[in-house]
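The structure presented is a predicted model; accordingly, all values stated were derived computationally and were not measured. Remember, it's 1-based here, ligands and their atoms both numbered in the order they're listed.
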Amino acid sequence: MIAIEAGGPVDAVEAEGLAVTVGADRALSPAARWAAERLGRWLDGYFDQLDFGGKPGQVAAVPGGDVLPFTTVYFAGVGDEPNGEVLRRAGGTVGRLAARLASLAVAVGDPEPFTLGLLLGQYRFDKYRSEPKPPRTERLVLVDGDDDAVAAAEHARAVAGGVRLARDLVNEPAAAKPAIEIARVATEVGEAAGLRVVVHDDDALRDGGFGGILGVAAGAHTAPRLVELWHEAPDPQGFLALVGKGVVFDSGGLSIKPAKAMEDMKTDMSGAAAVIGAMHVIGELNLPLRVVGLTPLTENMPGGGAMRPGDVLRIRNGKTIEVLNTDAEGRLILADALSLAAEHEPDLIVDVATLTGASKVALGEHIAGLFGNGDGAVEKLEAAAKRAGERVWPMPLPADYRAMIDSTVADMKNTGNRFGGAITAALLLKEFVGDTPWAHLDIAGPARASKDNGYTLTGGTGFGVRTLVALAEDMAG
Ligand code: BES
Ligand code: MN
Ligand code: ZN
């Protein structure tokens with residue numbers, strides 16, 4: 001784990017590298033000016049050659065040579081308006097360029113977003129490579145840093161830890177993360193963060209009437225689990241329930257997916273990963289709140305025992321669902337978990353799920369669909385996501401669309417018609433939260449990145465962790 005410390009002025013800090021910021025039109029920050037003056041007059045011409053003007057996203061790495069006590073100085077462009085996202089991206093790019101340095105001094109104004117970007121940019125999933133090259137940075141020195149700056153950077157480190165944990169869970173191949181294994185990891189990291197952990201095994205799921213989870217699990221050779229992670233502060237300012245879709249692998253079941261559509265389906269437990277990651281951070285920050293994280297975990301496979309189109313499942317809260325497409329499985333396991341969440345009578349339920357391709361079609365790869373049942377739940381999520389720097393967009397839940405999931409034999413069916421698929425999925429979920437304020441994030445797009453970008457690397461993004469933590473912080477006051 002990286003160590004964060006307060007350093008003195010830029011001419012006295014000791015580190016291998018130095019990161020400084022540059023505004024629009026090459027406006028050098030004081031620390032950048034200090035370094036530039038020592039480097040010499042050639043630097044301006046060199047910046048010209050690089051076309052480096054201080055725009056957000058630009059980073060010029062310049063050797064310190066004999067004139068500076070740093071091997072490399074990273075001049076990071078932050079433009080006119082160095083907001084959180086600009087600083088996170090700068091941190092991500094610097095973090096990647098500085099991966100081989102053991103220590104880095106940073107003079108960047110707000111250390112929170114920069115540190116977060118740096119730690120996320122230095123994330124690697126290389127456990128399956130014969131020659132892994134993990135980043136070596138283990139010391140971060142905050143130039144002119146005081147206790148507040150260290151606390152801000154430590155907060156970023158805690159959040160980054162949750163995001164990195166979520167990314168690890170998502171990037172792991174499905175064969176290596178059956179529900180039992182994810183439950184084991186959740187127990188281990190949950191207890192390390194001071195959480196109380198309850199794991200429901202197959203017998204408990206049967207006794208508890210979790211027909212949605214059992215229905216989806218019926219076609220798999222691996223057993224399902226439902227994990228409850230509890231954070232219970234002594235004087236709680238509120239009670240929040242988080243629910244995450246944990247489909248370890250989504251083959252589609254008997255309504256099997258085409259090969260191409262299956263390639264990334266180890267990602268289908270990203271909601272559960274986000275909840276486990278967020279619960280870890282909430283425990284570590286010890287927020288004055290009561291929070292429960294629920295993760296229904298199973299594979300969706302077409303084995304001989306698999307549920308069939310036309311089968312009817314009875315969900316935990318007693319309602320029945322006719323399964324017409326076994327590939328619409330996320331809503332089946334979430335229905336059970338949301339029912340249980342509502343039984344706990346929290347102030348707010350939030351679920352996070354890679355639920356529908358339709359959401360990805362509507363909003364693209366970078367924005368999550370946000371749904372909710374009123375009482376300010378959507379507004380709370382929107383505010384938290386904004387503060388955390390994750391992109392969400394509010395979507396409608398029109399009551400008349402409910403008719404699209406009317407079944408001829410059960411209380412509802414698990415698919416709508418061809419259009420509005422993200423909405424009909426959300427309308428089904430709504431049936432299982434009762435009167436509890438509820439918000440739903442469809443993260444089918446942003447859960448996974450198809451290329452490296454700033455502080456996001458190809459693969460699992462850990463999307464949702466930052467928003468859920470920010471929401472819990474908002475509730476904790
Ligand atoms: N896990 C998928 C949704 C998904 C698709 C997530 C692409 C990420 C990328 C979900 O279980 C699914 O298969 N949904 C179906 C629903 C349909 C059968 C009603 C879909 O979106 O096609
Ligand atoms: Mn599916
Ligand atoms: Zn799925």
Side-chain angles (χ1 to χ4, degrees), residues 170-171 174 177 179 182 212-213 215-220 224 243-274 295-302 306-311 313 321-337 351-369 371 395 401 404-407 412-429 440-450 458-461 463-464:
V170 173
N171 289 331
K177 58 176 178 192
I182 297 184
I213 299 173
V216 174
V243 177
K245 171 177 172 182
V247 174
V248 165
F249 184 75
D250 184 7
S251 72
L254 285 177
S255 312
I256 199 161
K257 286 180 184 295
K260 262 285 164 209
M262 237 186 265
E263 281 180 7
D264 291 333
M265 280 303 137
K266 70 173 183 180
T267 312
D268 213 21
M269 38 60 75
S270 295
T295 62
L297 301 162
T298 178
E299 280 188 284
N300 184 24
M301 297 290 273
M307 61 180 178
R308 315 146 188 84
D311 283 355
L313 306 178
I321 306 179
E322 183 188 13
V323 178
L324 289 182
N325 189 320
T326 65
D327 197 11
E329 85 297 339
R331 62 201 77 183
L332 302 174
I333 68 170
L334 287 170
D336 272 337
D351 79 77
V352 186
T354 49
L355 199 63
T356 67
S359 173
K360 204 170 172 178
V361 170
L363 297 169
E365 277 191 298
H366 301 292
I367 303 176
F371 301 80
M395 302 279 279
Y401 280 29
M404 288 200 259
I405 54 169
D406 284 349
S407 162
M412 66 202 87
K413 58 182 179 175
N414 78 333
T415 53
N417 57 32
R418 203 151 81 80
F419 302 113
I423 296 173
T424 46
L427 280 168
L428 185 142
L429 299 184
H440 155 61
L441 276 178
D442 194 331
I443 61 166
R448 191 181 171 80
S450 55
T458 308
T461 58
F463 189 98

Taking only non-hydrogen atoms of Thr354 and a 4.0 Å limit, the atoms of ligand 1 in range are 1 (N), 2 (C), 3 (C), 6 (C)
Provide the number and element of each atom of ligand 1 under 4.0 Å from a heavy atom of Thr356.
3 (C), 21 (O)
According to side-chain hydrogen bond (donor to acceptor under 3.5 Å, both in side chains), who are the partners of Lys360, at least two apart in sequence or on a separate chain?
none
How about Glu329: does one of its N, O or S atoms come closer than 2.8 Å to the Zn ion (ligand 3)?
yes
Using 2.8 Å as a strict upper limit, say whether an N, O or S atom of Lys245 approaches the Zn ion (ligand 3) that closely.
yes
Is Met262 touching ligand 1 with its side chain, its backbone, both, or neither, if touching means heavy atoms under 4.0 Å apart?
neither
With a heavy-atom distance limit of 4.0 Å, tell me whether Thr415 approaches ligand 1 through its side chain, its backbone, both, or neither.
side chain
Which single N/O/S atom of Asp250 lies at minimum distance from the Zn ion (ligand 3)?
OD2
Specify which N/O/S atom of Asp268 comes nearest to the Zn ion (ligand 3), by atom name.
OD2
Can a salt bridge be assigned to the pair Glu329 and Lys245 using a cut-off of 4.0 Å between side-chain N and carboxylate O?
yes
For ligand 1, which is the ligand I care about here, please tell me if Asp250 has any N or O atom under 3.5 Å from one of the ligand's N or O atoms.
yes
Asn325, any N or O under 3.5 Å of ligand 1 N or O
no
Measuring from Leu324:CG to Ile405:CD1, what's the distance to the nearest 0.5 Å?
11.5 Å
Within the distance-only criterion (no hydrogens, no angle test), does the side chain of Asn414 pair as donor or acceptor with the backbone N or O of Ala328 below 3.5 angstrom?
yes
Among Met269, Arg331, Glu329, Lys245, which one puts a heavy atom closest to atom 16 (C) of ligand 1?
Arg331
Atom 21 (O) of ligand 1: of Ser251, Gly357, Gly253, the nearest heavy atom sits on Gly357
Within the structure, is a non-hydrogen atom of Leu355 found at a distance of less than 4.0 Å from ligand 1?
yes
For the atoms OE1 of Glu329 and OD2 of Asp250, give the angle they form at the Mn ion (ligand 2), rounded to 10 degrees.
100°
For [atom], closest protein heavy-atom neighbour:
atom: atom 7 (C) of ligand 1; result: Met265 CE, 3.6 Å
atom: atom 12 (C) of ligand 1; result: Asp327 O, 3.2 Å
atom: atom 1 (N) of ligand 1; result: Asp268 OD1, 2.8 Å
atom: atom 17 (C) of ligand 1; result: Ala328 CB, 4.4 Å

Within a strict 4.5 Å, meaning less than it, do heavy atoms of the Leu427 and Met412 side chains meet?
no
Does any N, O or S atom in Asp268 come within less than 2.8 Å of the Mn ion (ligand 2)?
no
